[in-house]
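Notes follow the structure.
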Amino acid sequence: MSKKPKVAFFDFTGCEGCQLCAVDLTPEQLFDLLALVDIVEFREVMTDKAESYDIAFIEGSISRKPDEEKIKDIRARSKLLVTLGACSTIAGVNALRNFYPDDKLLHLVYPGHPEIDRTTIARGVSEVVKVDAMIPGCPIDTHEFLRVVKDLLLGKKPEIPTYPVCVECKMNENTCVYEKGIHCLGPVIRAGCNAICPSNGGYCFGCRGAIPKANIESMKEILQKYNLSAADALDKFKLFLERDKEIFPDDKN
Amino acid sequence: MLLKTTKTALLKGIDQVLSTYQVAALTKQDSRVLYNYVKTSHDIFWGCRPTVLPPKKFFFPPHETLLDYTADGQIIAKIESKPLVLFGIHPCDLRGIQILDEAFADLHGDPNYLERREKAIIIGLDCHQTCDQDSFCYKVGAHYAKTGYDIMLYPLKDDQYLVEVATDRGNVFAEQFLRAIKGEEKELEEYQQAKAKAFESLKPFKDLEKFPELFQENTHHPVWEHEGARCLSCGSCVMVCPTCYCFNVTDDWELNMRAGKRQRHWDACMLHDFTTVATGENFRPTATARLHHRINRKFNYLMKKHGQSVCVGCGRCVRACLADISPKTIAEAINGEDEKEWN
Amino acid sequence: MELALVQSNAKLYLPEPARIVKVRNFTEHEKFFQIELLRKGSLGHDPGQFVEVSILGIGEAPISIASPPDSGNRFDLCARAVGDVTKKLFTFKKNDLIYIRGPFGHGFDDKIFQRMRGKHLLFIAGGIGYFPLRSLINQVIPNAKNYKKISILYGCKTSQDRMFPDELKKIHHLSVGSNVELLETLDHPEADWTGNVGVITTLIPKIDFDPAETIAIIVGPPIMYKFVLTSLMDKHMPKENIYMSLERRMKCGVGKCGHCQMEGVYVCQKGPVFNYADVEHNEELF
């Protein structure tokens with residue numbers, strides 16, 4: 001029997017893209033990874049199951065009643081539980097549904113199917129069970145995933161940056177997207193993506209979540225200074241940041 | 001030694017030096033103008049445009065490996081360096097390099113910075129005007145380069161240049177690669193007179209030489225809270241600063257766990273966790289305190305050490321700051337130059 | 001500046017290997033390690049200095065040296081497991097290799113020793129503040145005749161938090177008929193504790209000292225300094241007679257990386273041992 005740590009992947013509400021990113025490896029990387037861990041459960045690639053896990057990677061947000069039971073069960077059988085991607089870390093784009101009251105939402109998405117009523121609001125995994133580490137992003141950064149795996153195996157705290165995307169954007173010597181007349185959430189969003197969107201002609205949507213102690217008030221003022229109304233500015237945050245109570249307090253609806 | 005040459009001769013010199021040196025200069029990439037390595041002299045952007053990053057990245061890159069090691073305990077101190085000609089550096093950035101030279105040489109000479117720096121020939125290019133409304137080099141006297149270059153070019157009309165050769169290293173370049181004639185001191189005098197006239201109305205900070213004391217006395221001036229409240233703690237100002245040199249160090253094994261490296265990365269005192277220790281305690285937890293610290297490094301703490309303003313007035317942080325925070329605004333509040341009521 | 005004249009230190013960031021020769025557990029979170037350099041010669045440190053301890057693949061952490069200078073090529077490190085490096089270090093055993101850089105910082109140098117000579121030394125330590133102080137305490141106790149008196153005040157939360165209990169016992173024994181005394185206090189004592197109860201400042205009135213002829217040396221958790229300094233100021237102790245060790249995020253150890261800079265002071269250069277008179281106006285240090 002192998003003594004290697006047992007690793008499993010689970011998916012909840014999400015597109016499964018982060019699981020694919022996790023194994024988007026060169027053959028050499030894949031062999032190195034498999035030399036370090038045993039992958040014992042991974043619906044995308046195998047049918048095996050296991051009783052317990054050393055590390056469980058969770059993709060997707062918790063957005064149905066049965067999900068809650070399932071994630072609690074996985075938690076109980078896992079030594080370490082790690083979120084994989086924006087949906088499991090901060091509820092991701094799924095949380096857009098939280099801006100609609102249930103009845104309106106179900107009517108909008110499933111017209112003529114009154115029997116469907118099983119969804120709850122979309123939540124990040126940490127709102128339901130204890131989470132040991134997070135790998136944010138939509139999708140995740142494969143290098144960051146590998147680093148977190150190594151850190152966990154070495155007994156190191158898997159740090160993810162607490163500084164914003166601007167740091168990496170400046171290192172990449174990009175022209176600030178605001179100078180191009182485009183709005184960007186980079187100043188308040190967690191780095192670690194190597195500013196991939198602004199470095200490739202885009203702007204930051206906020207998929208990695210807000211940094212701790214983000215100055216949201218100043219960010220809103222800046223968006224307004226660059227010709228966004230207060231409501232439009234708030235809209236900028238909606239795509240990924242519904243669960244951030246600094247931006248959207250619970251009484252938003 | 002003073003020489004005189006032409007743009008054509010300079011371009012030719014660059015093309016020749018490229019056989020033995022890497023050459024970095026202003027280049028145009030897409031819509032960006034930035035300092036980068038050139039393949040031929042044609043790649044050089046022959047204009048004056050502020051860049052996002054200063055040339056410090058050639059001596060102190062954003063990420064670099066300090067140590068390579070293996071699981072069986074072999075450790076090698078690593079320095080990547082190549083002979084470099086840094087071409088067309090403006091006075092503010094020359095001042096920045098001079099300050100970094102002193103900082104990295106101070107007490108314990110930083111081997112990585114100093115080895116790269118040793119292998120570089122720096123060719124300065126003088127400016128006779130400010131580059132845009134955000135630059136304030138004249139406020140700290142950094143529109144004149146006193147030192148920090150091996151060769152200084154002074155642009156004359158008709159694509160002609162006066163060439164001041166300041167060091168032996170500069171002389172190597174001038175002798176081997178540059179076709180030039182003897183320059184006349186009179187021409188340099190005339191150039192300097194015209195430049196002085198162009199900057200005549202642009203005055204330095206009031207009481208600049210007293211800044212360390214003034215900033216020390218004004219730790220609780222309302223300008224700190226006023227500006228700090230808007231600060232996003234995004235670190236952009238530090239990243240783009242020619243005289244900021246804080247760094248973080250990380251260790252990482254390869255995925256095969258057989259080899260690893262210790263790397264250093266640019267860090268920023270404006271970031272929330274810069275002073276957080278392992279116990280979780282943060283010794284500078286507010287944006288206002290961090291802004292106060294960074295600006296005091298420029299006009300107080302390090303100014304005392306370097307004997308001149310450590311802010312070179314290049315304006316990069318002003319351009320980078322979405323919240324419109326500027327060292328100039330703060331300095332003018334502290335020295336009372338703005339005659340504004342901050343309370 | 002002529003760069004060619006500047007001494008670049010090729011080994012500035014290159015750590016040297018050293019072997020763990022002794023491990024001792026104080027508590028679950030505090031351990032003692034005796035380290036032996038693989039090369040000949042001593043570390044060459046002053047009491048109060050620190051080293052950067054490396055564990056490859058994990059990182060570097062500043063740890064204060066807990067032994068006096070004259071221990072050959074061996075020296076002691078004591079640490080609390082709080083970060084990645086110290087937590088990993090705690091899994092290491094005898095004969096394992098670590099890597100070190102240093103010694104770094106300003107410790108109790110000759111100048112301070114000259115000032116201490118013939119004076120009453122008043123050590124005030126809280127919890128694991130005893131670790132860095134031990135390098136000085138174990139240096140002066142064998143030479144106690146050089147000092148007017150040596151008083152050690154040591155305060156901990158509980159009796160489990162007392163570091164080096166065997167050495168404390170020896171000092172207690174030694175204090176009979178000598179000019180060395182050790183006073184201890186606990187915040188939350190067990191039933192069998194016969195010593196003082198209360199915070200460290202409650203020991204200060206129990207000491208007979210002439211403030212002008214006394215040198216106080218303080219190390220403890222950040223919160224402790226304010227209260228101890230207030231007590232000593234109430235006794236009219238001259239500020240220049242007070243030394244303290246203040247630690248910050250000393251990352252590079254050589255005054256470059258900026259993390260430990262408090263106002264204009266690089267703690268890894270001017271500190272960790274400071275004279276109170278030099279830094280009393282430094283708002284970020286206190």
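To find a chain, count down the sequence lines: A is the first, B the second, and so on, and within it residues start at 1. Note that these values count all heavy atoms, side chains included, but never hydrogens, waters or copies made by symmetry.
- Distance check: Leu154(A) CG to Asp84(C) CG gives 9.5 Å after rounding to the nearest 0.5 Å.
- The environment of Lys157(C) atom NZ is sparse: at most 12 non-hydrogen atoms of other residues, nucleotides or ligands sit within 6.0 angstrom.
- Listed in order of number, the residues of residues 53-65 of chain C that approach chain A to under 4.5 Å between heavy atoms are Gly57(C), Ile58(C).
- For Lys157(A), the NZ atom sits in a loose shell: 12 or fewer heavy atoms of surrounding residues, nucleotides or ligands are nearer than 6.0 Å.
- The number of heavy-atom neighbours closer than 6.0 Å to NZ of Lys220(A), taken from other residues, nucleotides and ligands shown, is above 12.
- Contacts from residues 40-52 of chain C to chain A, taken as heavy-atom pairs separated by less than 4.5 Å, involve no residues at all.
- Counting heavy atoms of neighbouring residues, nucleotides and ligands inside a 6.0 Å radius, atom CG of Leu38(C) exceeds 12 of them.
- When the shell of 6.0 Å around CD of Glu246(A) is examined, it contains 12 or fewer heavy atoms from other residues, nucleotides or ligands.
- The local environment of CZ in Phe31(A) is sparse, with at most 12 non-hydrogen atoms from other residues, nucleotides or ligands closer than 6.0 Å.
- In the displayed structure, Glu190(C) atom CD is contacted under 6.0 Å by more than 12 heavy atoms of other residues, nucleotides or ligands.
- Only the side chain of Lys88(C) comes within contact range of chain A, judged by heavy atoms closer than 4.5 Å.
- With a 6.0 Å radius and a threshold of 12 heavy atoms from other residues, nucleotides or ligands, Lys31(C) has its NZ atom above the threshold.
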